[in-house]
Amino acid sequence: MAGHSAGDKLECFSIPIVLHKQPELDEAGHPVCDAEGKQRYRCGFRVGGGIDQDPTKSPQGYPDRGVYVTYVYEGSPAQLAGLQVHDKLLQVNGHDLTVATHKKAVDYIGRRPVLNILVYRKGIPGIPTKQMPYQPQQQQLHQQQQFAPVSRSNQPFPRQY
């Protein structure tokens with residue numbers, strides 16, 4: 001991941017995370033709305049980075065212009081969903097964050113009450129590209145015969161070849 005540039009092909013193991021935000025409430029327990037009257041929600045994490053940011057000035061020392069999780073609040077929806085500090089956000093609800101500015105990333109995160117996130121986490125190994133060994137058709141047929149479907153009367157269906 002070190003040295004990845006915006007728009008370059010990226011091969012890595014991505015971790016899917018579904019984050020359900022919590023409604024933001026005031027001191028009296030009433031929902032808080034924005035200027036447009038829409039309910040506000042809390043994610044429980046902060047981000048840093050973006051293609052408009054200089055990674056050499058990052059206090060965390062990130063190697064590229066990606067969008068990274070810089071803080072996760074304890075007990076927050078982000079922590080409960082499994083998001084961790086230093087996770088690199090690859091996508092949020094289908095939006096590619098590998099080529100997003102900081103402001104655009106924050107905008108995408110704030111749009112919906114549920115976030116479907118793909119993250120890269122350092123230390124997670126890549127997916128092996130080893131091909132499955134070829135199985136001759138006879139061996140495949142034998143494997144299929146081991147699991148005969150059962151009817152409602154618990155009697156096996158007659159096998160058809």
Side-chain angles (χ1 to χ4, degrees), residues 1-132 140 143-144 147 149-152:
M1 290 297 294
H4 174 256
S5 298
D8 285 352
K9 183 177 176 183
L10 178 65
E11 288 188 28
C12 67
F13 183 73
S14 59
I15 302 168
I17 293 177
V18 178
L19 189 155
H20 296 270
K21 297 179 186 177
Q22 292 175 337
E24 193 171 327
L25 305 175
D26 63 15
E27 297 83 25
H30 299 98
V32 175
C33 296
D34 63 14
E36 298 171 359
K38 293 182 183 178
Q39 169 74 53
R40 288 178 42 182
Y41 293 90
R42 299 180 70 97
C43 301
F45 70 99
R46 293 183 193 167
V47 295
I51 62 170
D52 57 336
Q53 305 295 308
D54 183 356
T56 62
K57 295 181 180 174
S58 165
Q60 292 84 10
Y62 296 128
D64 57 40
R65 294 178 187 266
V67 177
Y68 290 87
V69 175
T70 58
Y71 190 84
V72 177
Y73 291 92
E74 191 171 331
S76 69
Q79 184 185 39
L80 297 174
L83 206 58
Q84 296 179 13
V85 172
H86 307 305
D87 280 350
K88 182 176 184 175
L89 303 181
L90 303 174
Q91 282 187 5
V92 172
N93 293 340
H95 296 283
D96 182 2
L97 295 190
T98 65
V99 291
T101 63
H102 181 83
K103 184 177 181 338
K104 201 54 122 168
V106 171
D107 179 49
Y108 290 146
I109 292 165
R111 284 187 181 174
R112 305 257 189 265
V114 176
L115 300 178
N116 292 295
I117 307 170
L118 284 179
V119 302
Y120 165 78
R121 185 170 294 152
K122 189 173 182 175
I124 301 294
I127 299 172
T129 57
K130 180 179 172 186
Q131 295 285 334
M132 293 296 294
Q140 290 174 355
Q143 288 175 346
Q144 291 171 357
F147 303 101
V150 176
S151 68
R152 290 185 184 181

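The structure presented is a predicted model; accordingly, all values stated were derived computationally and were not measured.
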Checking the side chain of [X] only, and the main-chain atoms of [Y] only, is there a donor and an acceptor separated by less than 3.5 Å?
X: R46; Y: V69; result: no
X: Q39; Y: E24; result: yes
X: N93; Y: V114; result: yes
X: D26; Y: V32; result: no

Quick one: closest heavy-atom pair of [X] and [Y], and the distance?
X: R65; Y: D52; answer: NH1-C, 4.4 Å
X: S14; Y: L118; answer: OG-CD2, 3.9 Å
X: G82; Y: D87; answer: O-OD2, 4.3 Å
X: A100; Y: A105; answer: CB-N, 4.4 Å
X: P63; Y: P55; answer: C-CB, 4.4 Å
X: H20; Y: P77; answer: O-CB, 3.3 Å

Is there a side-chain contact between [X] and [Y], using heavy atoms and a 4.5 Å cut-off?
X: S76; Y: L80; answer: no
X: I117; Y: L89; answer: yes
X: E74; Y: Q79; answer: yes
X: I109; Y: F45; answer: yes

Note to self: Could you measure the distance from the NE2 atom of H30 to the CG atom of L25? Nearest 0.5 Å is fine.
What the structure shows: 9.5 Å
Check: OH/Y68 to NZ/K122 distance, rounded to the nearest 0.5 angstrom?
Finding: 9.0 Å
Next item on the list: Just do the side chain to side chain donor-acceptor pair (under 3.5 Å) check on Y73 and R42 with the steps written out, would you?
Entry: CA-CA 11 Å; Y73 291 92; R42 299 180 70 97; over 6 Å; no
Under-4.0 Å salt bridge between [X] and [Y]:
X: K88; Y: D64; result: yes
X: D107; Y: R111; result: yes
X: R40; Y: D34; result: no

Checklist line | Test side chain to side chain contact (heavy atoms under 4.5 Å, CB included) applied to T98 and L90, step by step | finding: CA-CA 6 Å; T98 65; L90 303 174; 4.0 Å; yes
Notebook entry, point to check: What class does the angle between the rings of H95 and Y108 fall in, given that below 30° is parallel, 30 to 60° is tilted and above 60° is perpendicular?
Noted result: parallel
Note to self: For R112, I'd like to know if atom CZ has over 12 heavy atoms of other residues, nucleotides or ligands within 6.0 Å.
What the structure shows: no
Notebook entry, point to check: Where do H102 and V106 land on the side chain to side chain contact (heavy atoms under 4.5 Å, CB included) test, with the steps shown first?
Noted result: CA-CA 6 Å; H102 181 83; V106 171; 3.8 Å; yes
Item checked: side chain to side chain contact (heavy atoms under 4.5 Å, CB included) between K104 and T101, intermediate numbers included -> CA-CA 5 Å; K104 201 54 122 168; T101 63; 3.3 Å; yes
Notebook entry, point to check: Are T70 and Y62 close enough, and set up right, to give a side chain to side chain contact (heavy atoms under 4.5 Å, CB included), and what steps lead you there?
Noted result: CA-CA 10 Å; T70 58; Y62 296 128; 4.2 Å; yes
